[in-house]
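The sequence lines fix the lettering, A, B, ..., with proteins before strands; numbering per chain opens at 1.
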There are 2 protein chains.
Amino acid sequence: MEKKLTIRDIAELSGVAKSTVSRYLNGGCVREETGRKIKKVIEAYHYEPNVFARLSAKNSRIIGLIVPGFDSIVTPGLVEVIVAYLKRYDYTPLIMHTGNDLAEEIKSIERLTGMNVDGIMVLASSVTKSHEAAVEKANIPVLFLGQRYCQGTSVINDDYHAGLELGRYLGAKGASHVAGLWVSEQDLAVGRERKRGVQDGLKEFGIEEMEILETSFFYQDAVKTAESLFAREVWPDTVVCATDRIAEGVYKVLYQKKARIPEDVSVTGFGDYETSELLRPPLTTIRLDLENWGEISAEIMLQMVQGKPVSKLQINSFALIERDSVAKRR
Amino acid sequence: MEKKLTIRDIAELSGVAKSTVSRYLNGGCVREETGRKIKKVIEAYHYEPNVFARLSAKNSRIIGLIVPGFDSIVTPGLVEVIVAYLKRYDYTPLIMHTGNDLAEEIKSIERLTGMNVDGIMVLASSVTKSHEAAVEKANIPVLFLGQRYCQGTSVINDDYHAGLELGRYLGAKGASHVAGLWVSEQDLAVGRERKRGVQDGLKEFGIEEMEILETSFFYQDAVKTAESLFAREVWPDTVVCATDRIAEGVYKVLYQKKARIPEDVSVTGFGDYETSELLRPPLTTIRLDLENWGEISAEIMLQMVQGKPVSKLQINSFALIERDSVAKRR
DNA sequence: ATTCGAAATGGAACCGGTTCCAAATAAGCG
DNA sequence: CGCTTATTTGGAACCGGTTCCATTTCGAAT
């Protein structure tokens, strides 16, 4: 029932000025004895400073984290890692959710800059000119995850080469009629680079054409797209999916059609969700090292915040995980 | 590059006092003409007020949302729904992440109360006395999700009856040697009520004993626990899992052992993840209506914030989803 | 035109912190 | 022990908003 304590209360209770308490909290000059006194009061009363009242502070020790949504496995996993890292270094993460809406993404950047957070990490779905403008205005370090940001710093997956490896693998397996369930090209990393990699890999084996069906990151959309694909007379022998989630949609439809994977159709994913090995047959996919990705990103963010120099582009590693969803053909 | 605009700038640019701008923004008394003038300036300069500077405001239109982690499917899904709802009513959700740590949970409550958010929603893993103390001190509406909070308001799943229905179902199917992979009793809703329901349901069919193996919400832990279970000589004929995620762990181990589900072992889950129908065989489980749960919760939260009366306890509905992971025995 | 109450406005104080600066205290040194 | 310098400290101003209250303006009624 007692009112929330403010720094003034603590100051009075320990018989010093509030500036002294503030200094104590932020590691400034305070005599050891004074510090002890303040510490005792703070602990006795469980005082917690109001993080958002640091209006005029140089640094708030808050890092904004803008995410599209929590519907995939990648986002929550990555957030998990990043949050843990930031906390370890005593930064408070502030998660903003855009619901896969580009305009919201921009707005979130603006909003966060207005809150004088120390830095912003954007798990962007694409990097538009509005993004760049918002970042310009922001005047604080902004780190893009997953999408390359030429004007600044980003930590991305090596989507092109991952795609390339997958394309080559499929080519070597003798795929011939390949369809891709993909997301919009607006998403440069996943929608474009990843796809281009696959196409180039296939080309090396003489497969010039990969039919693309556009879908979204959502499971239900993937199911619908897959349904339309397999409603046709002739089926592809291989379906490449932009993400594991989309591959799950394909699995569902193929189960319904009583088609056999991979005998009738080979399927591949991207991401290696925890459950992808549980699919029957286990899904062949590209593993993105979330742990590594998150750690690197958070580390770079903190370095940027502390004004240290960082390399403009960090690339997260990947690995092809071969399971049983692709058949040797011909 | 231009500096961030403040309310003072807007006031000067439109030739009024900043109190007037503030009033305009918050729907107070302003002449139509004045309003138009201010509006023009705000739009011309893309002014966005600093949400966190409302230190002395009655209400910040911010709702704190405390979640344990994003590793399950339930949490991200629920957050998704809640966030969408809150935004629709022009509230800003502030997501705090506790990493399944009870102490962090308390701290988050305290921290959020210090930020004068309008209300807090806690997706709690349990309700301890520390929680109650923190809520007491908070002095703002706090809504618990998933765990019953006797001193206040909560929206929970009907874990007992859901468990009961599942237990009866298994009893009717002729289960006899039942093992449960469960989470700690600290979690009253899942760890206790849900389990008790299953046990009571089984008892109606004369099955007095259900062996419990304690595990956690994490996939990897579930795998380990399942491994230890199936390393034994004699196997249960039915494994009941506290969540679908845990069931996935069981599937993995049974796949490795080349055991047949449900012929050798029946398996059930709880939650009905999107992918649960993709498991082979598709998982029989209890569906929790996330959509409904989230909507109800957000709605109640807003009503609490607006000082309207709400019923202390709301119960989310469930449904038994019968698929193919349980065999008829005897 | 005058009066009066309601609506609109500006100014000042405040929210809970941080930071700057000057004053007070402690420490170092000859 | 006195003087200089470095370290601590308190006080005031500030951050970007909101709110209270007194004052001005408006509009309608007399």
Participant: Take atom CD1 of A:I7 and atom P of D:dG11, then tell me their distance rounded to the nearest Å.
Facilitator: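 Taking atom P of D:dG11 as the reference, CD1 of A:I7 is at 15 Å.
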
Participant: Which part of the nucleic acid, if any, lies within reach of A:T6 when heavy atoms closer than 4.0 Å are counted: base, sugar-phosphate only, or nothing?
Facilitator: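 Here A:T6 touches the backbone only, sparing every base.
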
Participant: When the nearest nucleotide of DNA chain D is assigned to B:R31 and to B:P49 on a heavy-atom basis, which residue is associated with the more 5' position?
Facilitator: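 The answer here is B:P49.
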
Participant: Taking the side chain of B:S22 as heavy atoms from C-beta outward, which of D:dG10, C:dT9, D:dT19 is closest to it?
Facilitator: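 The listed nucleotide nearest to B:S22's side chain is D:dT19.
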
Participant: Going by the rule side chain to side chain contact (heavy atoms under 4.5 Å, CB included), which residues pair with A:S14 if we only count those two or more places apart in sequence or in a different chain?
Facilitator: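 In terms of side chain to side chain contact (heavy atoms under 4.5 Å, CB included), with neighbours along the sequence ignored, A:S14 is linked to A:I10, A:V16, A:I38, A:V41.
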
Participant: If I take atom CD in residue B:E32 and atom P in nucleotide C:dA7, what distance separates them, rounded to the nearest angstrom?
Facilitator: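 In whole Å, C:dA7 P and B:E32 CD are 15 Å from each other.
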
Participant: Is it the case that the base of D:dG10 and the side chain of A:S19 share a donor-acceptor contact (distance under 3.5 Å, atom types as modelled)?
Facilitator: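 Such a pair exists between side chain and base.
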
Participant: Starting at OH of A:Y24 and ending at C1' of C:dG17, how long is that distance when rounded to a whole Å?
Facilitator: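 Rounded to the whole Å, the gap is 17 Å.
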
Participant: Just checking A:R23: base, sugar-phosphate only, or nothing, at a heavy-atom cut-off of under 4.0 Å?
Facilitator: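 Result for A:R23 = base.
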
Participant: Can you find a donor-acceptor N/O pair under 3.5 angstrom joining the side chain of B:K18 to the base of C:dG10?
Facilitator: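 Counting by modelled atom types and ignoring angles, no donor-acceptor contact under 3.5 Å is found here.
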
Participant: Output yes when B:K37 and B:E33 qualify as a salt bridge under the 4.0 Å nitrogen-oxygen rule, no when they do not.
Facilitator: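 No, B:K37 and B:E33 are not salt-bridged.
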
Participant: Look at B:E299 together with B:K308 and state whether they make a salt bridge at an N to O cut-off of under 4.0 Å.
Facilitator: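 Salt bridge between B:E299 and B:K308, a charged N being under 4.0 Å from a carboxylate O: no.
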
Participant: Please tell me if A:T34 has a side-chain N or O lying less than 4.0 Å from either OP1 or OP2 of D:dT9.
Facilitator: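 Checking A:T34 against D:dT9: at least one side-chain N or O falls below 4.0 Å of OP1 or OP2.
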
Participant: For B:F144 and B:V155: C-alpha separation, side-chain torsions, deciding distance, then whether side chain to side chain contact (heavy atoms under 4.5 Å, CB included) applies.
Facilitator: CA-CA 6 Å; B:F144 280 84; B:V155 182; over 6 Å; no

